[in-house]
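Data block below; observations after.
Please read these numbers as outputs of a predicted model, since none were measured by experiment.
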Amino acid sequence: MSEYFNASDIFGENVFNDAVMQARLPKKVYKKMREVIENGAELDLATADVVAHEMKEWAIEKGATHFTHWFQPLTGVTAEKHDSFITAPMSNGKVLMSFSGKELIKGEPDASSFPSGGLRATFEARGYTAWDCTSPAFVRQDAAGAILCIPTAFCSYTGEALDQKTPLLRSMEAINEQAIRLLRLFGNTTSSKVTPSVGPEQEYFIVDREKYLQRKDLIFTGRTLFGAMPPKGQEMDDHYFGAIRERIAAYMRDVNKELWKLGVTAKTQHNEVAPAQHEIAPIYAECNIAVDHNHLIMETLKKVAGRHGLQCLLHEKPFAGVNGSGKHNNWSLTTDDGINLLDPGKTPHENVQFLLVLTCILKAVDEHAELLRAAAADVGNDHRLGANEAPPAILSVFLGDQLGDVLTQLIRTGTATHSLKGEKLETGVKTIPDFTKDATDRNRTSPFAFTGNKFEFRMAGSQDSVAPSNVVLNTIVAEAFAEACDTLEKADDFNAAVHDLIKKYAVEHQRIVFNGDGYSEEWVAEAEKRGLPNIKSMVEAIGAYMDPKSVAAFEKFNVFTKTELESRVEIEYETYAKTINIEAKAMIDIAGKQIIPAVIRYTTQLSDSINGVKAACGAADISAQTELLTEVSSLLAETKSALTKLIEAEAAGSAMAEGRDQAVYYRDTVKAAMAALRAPVDRLEMIVDKEIWPMPSYGDLIFEV
């Protein structure tokens, strides 16, 4: 029987949170820290020294021997360098354990060894990690012991952002400033801060680790490069929300326990659509904390899986033929005194402030659709977007019946006079009470859907950081708020001006609103008529970062400099090419060393069997065996030919200079050669004896967990 624990007793026990600070810090130091966290006041070294000492003492009580600056470089994962608290030996043979304010505030990892897109030369090694005191430090406990982890930003010696967090914090400052401007225009003098709140839903696959270790493609690339579909996939929809198997439930229980200790509000867990696919979702948190927590969720999912003899796959498309995994980014704006700017209220047609916020967001998404698409661009995500299992690659906004009707009224007459109400839902069963349903349904095919009091950006990939999506959302909405405020602050008649502006934005940006089926071919044609971009690959999407209007928005709010954007674009192209290159080399290795030898063994055995039958009984009908041998031999020849072509294509791609041209080559030429190799191999898997086939099948992986 599993160990009993009370979630409320363990929640946050490994977090240096506000309660811990209040209990352990002197009152003056605690008050200063609250000023720094809430108002961005400057942290002096004397205060930092006191905080560092108490943080160290607290961490040691938790078993910590080392500390690390935990940061998010442009590698797609987190990074850390561990330093012990030992500082100097003493005369009595003991050692001094200390942790200074300077060590807390600043670290110096090697900047040249992380992707920089040309911002740092190889010989220019210095970079800095800087404490993000708004995201609480935590102690991570695992087989390596206990480590004090300090969330930090990471920048170069010359000040450029080399990470995901720095631009995220900048974008949060931008939207806070512009949202406060907007609130002041509506007479709000009490709210002093507006923060984007985010709740990222995380999808993932779980497979047996022993089977995983027999698949080189999963080990090297995170996805299966070969694999025929089993007789059953997800056709019956019986896995979705189905009863969670005990082995998976035990795993989920341990994941929750680990996350709750770290203060991550893991709330929802369930089976997803595809076999072996699941989801975990937290409660909302401030944007930068939510991003940190999502990294902790991904790390914890992978770490705990190993303890259960399982393997967590975070790739967007680990298996062809069944749904891949995404990460829905639920985004809203909340004041420090509890006002949600995206709450329409019971009568949204009368809520002028909400209507301005809403139409500003429509304007932002319409004007920067390509940029928002680029924020979700990831090599693995190319397998999902537009593939009738995820949002289409075309950006649109779902508002639903109620807000859609209000918007139509504004467009037609300039005034909204009513809002649709939710009707009673009658089940027809006397023992089930009737209840009032929401005023609108939801749309699971929309990339950017309004869902009651938030927007759900559904394009982000499962293994990707949600930081880029939120950087873009925060920045483009800040720009829209700023432009609205520029107009309204000059108006003689505010009420008239705000109504005119709401109508103007509603009319000019109505093309971005679509409440229908995003998977339909009719929508693709309709979107083209509307002039909406349909960006189908990461390589196409990347360039949006360097669009003049994107550069202008980022520079206006000091989120990115043009140089920082150029570096990120270069890194994105390199990442795409390198990822496909690794996949191609893995296919070459597997096909040459495992699949072709296995098929040769099979054909040899089949040939020997045919000859044996001939020798023993010459008159026997061996046409079936002969046809099978002919078919397998033909597919083997096709495999060998395709392998040769992939080897040539990969060699040519590797010889090219890094950049957009190389990325395009890998997308158009190398990926096509990979698909040509996979086709005969997957057909061979359906013929060759399972005992001879060199790796577990899809059926073994996704049904036998």
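Screening residues 27-64 for ring pair (Phe, Tyr, Trp, His ring centres under 6.0 Å), with sequence neighbours left out, gives Phe16-Trp58.
To the nearest 0.5 Å, atom CD1 of residue Ile150 and atom NE2 of residue His69 are 4.0 Å apart. Taking OG1 from Thr334 and NZ from Lys454, the interatomic distance works out to 12.0 Å, rounded to the nearest 0.5 Å. With rounding to the nearest 0.5 Å, the separation of CG in Asn474 from CZ in Phe557 is 11.5 Å. Taken to the nearest 0.5 Å, the OG atom of Ser550 stands 11.0 Å off from the CD atom of Glu555. In this structure, CG on Leu183 lies 5.0 Å from CD on Gln353, to the nearest 0.5 angstrom. Rounding to the nearest 0.5 Å gives a distance of 9.0 Å between SG of Cys133 and CD1 of Ile105.
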Next on the checklist: As a quick check of understanding, evaluate side chain to side chain contact (heavy atoms under 4.5 Å, CB included) for Val255 and Leu301, giving each step before the final call.
Outcome noted: CA-CA 6 Å; Val255 166; Leu301 286 171; 4.0 Å; yes
Checklist entry - Given the rule in the side chain to side chain contact (heavy atoms under 4.5 Å, CB included) test, do Tyr545 and Leu371 qualify, once you have shown the distances and angles that lead to the verdict? => result CA-CA 6 Å; Tyr545 279 106; Leu371 184 58; 3.7 Å; yes
Item to check | Pair Ile180-Asn176, side chain to side chain contact (heavy atoms under 4.5 Å, CB included): steps then yes or no | outcome: CA-CA 6 Å; Ile180 288 296; Asn176 170 54; 3.7 Å; yes
Checklist entry - Stepwise, does the side chain to side chain contact (heavy atoms under 4.5 Å, CB included) test hold for Ser325 with Glu316? => result CA-CA 5 Å; Ser325 298; Glu316 286 79 11; 5.7 Å; no
Next on the checklist: What verdict does the side-chain hydrogen bond (donor to acceptor under 3.5 Å, both in side chains) test give for Thr563 and Thr561, after you've listed the backbone C-alpha separation in whole Å, the side-chain angles of each residue and the deciding distance to 0.1 Å?
Outcome noted: CA-CA 5 Å; Thr563 302; Thr561 64; 4.5 Å; no
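Between Arg34 and Met21, some side-chain heavy-atom pair lies under the 4.5 Å cut-off. With contacts defined as side-chain heavy-atom distances shorter than 4.5 Å, the pair Phe11/Thr265 qualifies. Using a 4.5 Å cut-off on side-chain heavy atoms (C-beta onward), Asp292 and Gln72 make contact. The side-chain heavy atoms of Ile297 and Val264, taken from C-beta on, include a pair separated by under 4.5 Å. Contact of the Ser446 side chain with the Arg458 side chain is not registered, since no non-hydrogen atoms from C-beta on lie closer than 4.5 Å. Two residues are said to be in side-chain contact when any heavy atoms from C-beta on lie closer than 4.5 Å; Phe481 and Leu356 fail this criterion. Between Val471 and Phe560 the shortest side-chain heavy-atom distance falls below 4.5 Å. Looking at Glu258 and Arg307, their side chains come closer than 4.5 Å, going by heavy atoms from C-beta outward.
Between Lys56 and Glu103 there is no salt bridge, since no side-chain N of the basic residue sits under 4.0 Å from a carboxylate O of the acidic one. Using a cut-off of 4.0 Å between Lys/Arg side-chain N and Asp/Glu carboxylate O, Arg140 and Glu80 are scored as salt-bridged. Salt bridge annotation for Lys165-Asp132: present, with a cationic side-chain nitrogen under 4.0 angstrom from a carboxylate oxygen. The existence of a salt bridge linking Lys363 and Glu483 is confirmed by a sub-4.0 Å separation between a basic side-chain nitrogen and an acidic carboxylate oxygen. For Lys106 and Glu108, the salt-bridge test passes: some basic side-chain N is under 4.0 Å from an acidic carboxylate O.
A donor-acceptor contact under 3.5 angstrom links the side chains of Thr134 and Asn288, judged on distance only.
In this structure Asp464 satisfies the salt bridge (charged side-chain N to carboxylate O under 4.0 Å, His left out) test with no other residue, sequence neighbours excluded. Judged as a salt bridge (charged side-chain N to carboxylate O under 4.0 Å, His left out), and not counting sequence neighbours, the contacts of Glu489 are Arg181.
Annotation for Asp336 and Ser191: closest pair OD1-CA, 3.6 Å, computed over non-hydrogen atoms. Closest non-hydrogen pair, Ala48 versus Leu104, comes out as O-CD2, 4.0 Å. For the residue pair Asn351 and Pro344, the shortest heavy atom distance occurs at ND2-O, 3.2 Å. Closest approach of Pro151 and Pro136 over heavy atoms only: CG-O, 3.5 Å. Annotation for Phe186 and Val352: closest pair CE2-CG1, 4.0 Å, computed over non-hydrogen atoms. The heavy-atom pair separating Glu160 from Glu564 by the smallest distance is CA-OE2, 3.2 Å.
Remark: the backbone N or O of Asn340 is not paired with any side-chain donor or acceptor of Asn453 at under 3.5 angstrom. With hydrogens and angles disregarded, no donor-acceptor distance shorter than 3.5 Å links the side chain of Asn256 to the backbone of Ala266. Listed for the Lys267 side chain is no donor-acceptor partner under 3.5 Å among the backbone atoms of Tyr284. Of the possible polar contacts, one joining the Thr152 side chain to the Trp70 backbone as a donor-acceptor pair under 3.5 Å is found. No donor-acceptor pair under 3.5 Å is formed between the side chain of Asp343 and the backbone N or O of Ile339. Within the 3.5 Å criterion, the main-chain N or O of Ser462 finds no donor-acceptor partner in the side chain of Glu203. Between the side chain of Lys549 and the backbone N or O of Glu367 there is at least one donor-acceptor pair closer than 3.5 Å. Side chain of Thr166 to backbone of Ala161: no donor-acceptor contact under 3.5 angstrom is found. The backbone N or O of Glu286 lies less than 3.5 Å from no partner atom in the side chain of Thr195, so there is not a single donor-acceptor pair. With hydrogens and angles disregarded, no donor-acceptor distance shorter than 3.5 Å links the side chain of Asp378 to the backbone of Gln463.
Screening Phe455, Trp331, Phe398 against Phe448 for a ring pair (Phe, Tyr, Trp, His ring centres under 6.0 Å) leaves a single residue, Phe455. Screening Val466, Asn470, Asp163 against Leu168 for a side-chain contact (heavy atoms from CB on, under 4.5 Å) leaves a single residue, Asn470.
No more than 12 heavy atoms of other residues, nucleotides or ligands sit less than 6.0 Å from atom NZ of Lys31. Within 6.0 Å of CD on Glu42 lie no more than 12 heavy atoms contributed by other residues, nucleotides or ligands. Lys562 NZ: 12 or fewer foreign heavy atoms inside a 6.0 Å radius.
Checked against the 6.0 Å centroid threshold, Phe154 and Phe114 count as a close aromatic pair.
Using the six-membered ring where Trp is involved, Tyr204 and His278 have ring planes that are tilted, between 30° and 60° apart.
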